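Before any comments, here is the structure.
Ligands are counted one by one from 1 in listed order, and the atoms in each one are counted from 1 as well. If you're wondering where the values come from, they're calculated on a predicted model, not measured in any experiment.
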Amino acid sequence: MELNKLTAHQLLGLLKEGVIKSSDVILALKERIDVIDSQINAYVRKNEKIELSYVQNGPLQGLPVAVKDNICTLDLNTECCSKILEGFKPPYDATVISKLKSQGAYIFPLKTNMDEFAFGSSCENSCFGPAHNPWNLEYVCGGSSGGSAAAVAADEAIFALGTDTGGSIRQPASFCGVVGLKPTYGRVSRYGLIAFASSLDVIGPITKDVYDSALILSIISGYDPYDSTCVNLSVPDFTQNLSKDIKGIKIALPKEYFIEGLDKDVEQNIKEAIEVLKKLGASFTEVSLPHTKYAVATYYIIATAEASSNLARFDGVQYGLRINSFEGDSSLLQMYKTTRAKGFGEEAKRRIILGTFALAHGYYEAYYLRAQKVRTLIKKDFEEVFKEFDCILTPTSPTAAFKIGEKIREPLKMYLSDIFTISANLAGIPAISVPCGFTKKGLPVGLQFLAGYFREDMLLQVAYNYEQNTIWHKMKPKI
Ligand code: GLN
């Protein structure tokens, strides 16, 4: 039995029966990584020591979890795949990590590859080089949580944590043919997540199937006094209602998401998915989310504004890289400048400049404040729809994965690949991407469901019913 190919819930069954030990799982993953990760590059800092004898008893029984490089792990490098954080070892665990540890998870010491500071949609903006799509190594795995999605898809991880500011869990999950869940803003603590855009960032699971997504969400959710935006709501066991049927469930199809530019193969797969759901008893109605067309512009003002402010702390003084003197000038100001000039990559610099501009005196009202107002309109569009409907269905991304190098020189094109995912972050609602087929080139396609605030139960139920009546989650890349 190849243990690395199993899901968390399958492995938990075997661990409970005593048929296997967690160390067997860890060894299987290590062997898999040794064989293929030089081609995929899902993990960074591959020489970290893996604890092969790890045994733990809590509910997760020592199962290993792969963690994105922007989530703080005690004494384990956390660098956001940026040179500026080189060597940074957090003195504490993020809340999601403490929660997983307290349930008996093993925090895998190799962190997953990502776009620097989560800026990107292709995992090409990493100081460790791009991660590759396991379905075709010439293609991107999506971003920014590309390493997490690629690791899960290639059976180099059982499950992983990603983060989603504008689609970074769902888009790579769809490109790699796995399940990615972005929880409601406030459902999961952000304490210990290195901030990109604090009003949009969320941590969520990337898994091989919907059951695992529900399982991991139940563990990482919940109130945290260390994050003032984390909501004090009781956390249900999300695995409980998965198999409840979806007869009579009302699903909305927003017309703004079925537009020109939507890849034909993607469209075809989505249409077939709708037919499957109809057979299961769901009904579909076309609706309008009229402010959708402003989402990309609104997002790139708010996200860059918040990023420029969050990244101001990386100046060579407290964290990571410090370059002391430059051409004989050893002043403090010169140290800041050189460290930032050498430490940040191109996309990070672009965002810092854009964001600083949007917040500048004289422009603040025209850009940032205006964007916040449009954000409210986008949120209201969703609230209107959820008065009548249980969830919304859309493609996760307008295309399947694109080739490495194809969009990296054209930031605007790259930004447009988030067109279907960013509205959920602006509104703060939960969303999930599940595999729904393949393009003619053999690349996975993702289907997205969105639901009202804190209705992850609804998302998971619909997604589970769909998944259990299709074969897509069982398909594996040939690598
Ligand atoms: N691709 C989007 C961006 O570059 C979203 C990234 C994310 O969700 N972290 O901003």
- request: Using a strict 4.0 Å cut-off to heavy atoms of Gly167, name the atoms of ligand 1 that fall inside it.
  value: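 Within the 4.0 Å cut-off of Gly167, ligand 1 contributes 8 (O).
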
task: Using a strict cut-off of 4.0 Å, indicate which atoms of ligand 1 neighbour a heavy atom of Tyr299.
output: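 Counting from 1, the qualifying ligand atoms are 2 (C), 3 (C), 5 (C), 6 (C), 10 (O).
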
Nitrogen or oxygen atoms of [X] and ligand 1 under 3.5 Å apart:
X	result
Arg351	yes
Phe196	no
Ser121	yes
Gly166	yes
Phe119	no

- prompt: Looking only at heavy atoms, which two atoms of Ala252 and Phe389 are closest? And how far apart?
  reply: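 The answer is CB-CG, 3.7 Å.
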
query: Is it the case that Thr396 and Ser433 place a side-chain donor and acceptor less than 3.5 Å from each other?
result: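 Yes, because at least one side-chain N or O of Thr396 sits under 3.5 Å from a partner of the opposite role on Ser433.
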
message: Working note: Met114 + Ser126, criterion side-chain contact (heavy atoms from CB on, under 4.5 Å); need CA distance, chi angles, decisive distance, verdict.
response: CA-CA 6 Å; Met114 59 182 279; Ser126 161; over 6 Å; no

message: Measuring centre to centre across the rings, with the benzene-like ring taken for any Trp, is Phe386 within less than 6.0 Å of Tyr453?
response: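 Centroid distance Phe386-Tyr453: not below 6.0 Å, so no.
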
Shortest protein heavy-atom distance from [atom], along with the residue and atom involved:
atom	value
atom 6 (C) of ligand 1	Ser168 OG, 2.9 Å
atom 2 (C) of ligand 1	Asp418 OD2, 3.1 Å
atom 3 (C) of ligand 1	Tyr300 OH, 3.3 Å

task: Using a 4.0 Å heavy-atom threshold (strictly under), name the region of Ser144 that reaches ligand 1: side chain, backbone, both or neither.
output: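 Side chain only.
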
message: Under a 4.0 Å threshold between the charged nitrogen and the carboxylate oxygen, would Glu384 count as salt-bridged to Lys380?
response: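 No salt bridge links Lys380 with Glu384.
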
- prompt: Salt bridge or not for Glu365 and Lys373, using N-O below 4.0 Å?
  reply: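 No salt bridge links Glu365 with Lys373.
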
Per-pair distances, 0.1 Å, donor-acceptor, side chain in residues 142-149, under 3.5 Å, sequence neighbours excluded:
{"from": "Ser144", "atom 1": "OG", "to": "Lys68", "atom 2": "NZ", "distance (Å)": "2.8"}
{"from": "Ser144", "atom 1": "OG", "to": "Ser168", "atom 2": "OG", "distance (Å)": "2.7"}
{"from": "Ser145", "atom 1": "OG", "to": "Lys68", "atom 2": "NZ", "distance (Å)": "2.9"}
{"from": "Ser145", "atom 1": "OG", "to": "Thr163", "atom 2": "N", "distance (Å)": "3.2"}
{"from": "Ser145", "atom 1": "OG", "to": "Thr163", "atom 2": "O", "distance (Å)": "3.1"}
{"from": "Ser145", "atom 1": "OG", "to": "Ser168", "atom 2": "O", "distance (Å)": "2.8"}
{"from": "Ser148", "atom 1": "OG", "to": "Thr112", "atom 2": "OG1", "distance (Å)": "2.8"}
{"from": "Ser148", "atom 1": "OG", "to": "Leu161", "atom 2": "O", "distance (Å)": "2.9"}

message: If you count heavy atoms of other groups shown closer than 6.0 angstrom to CZ of Phe258, is the number above 12?
response: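 For Phe258, atom CZ is crowded (more than 12 foreign heavy atoms under 6.0 Å).
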
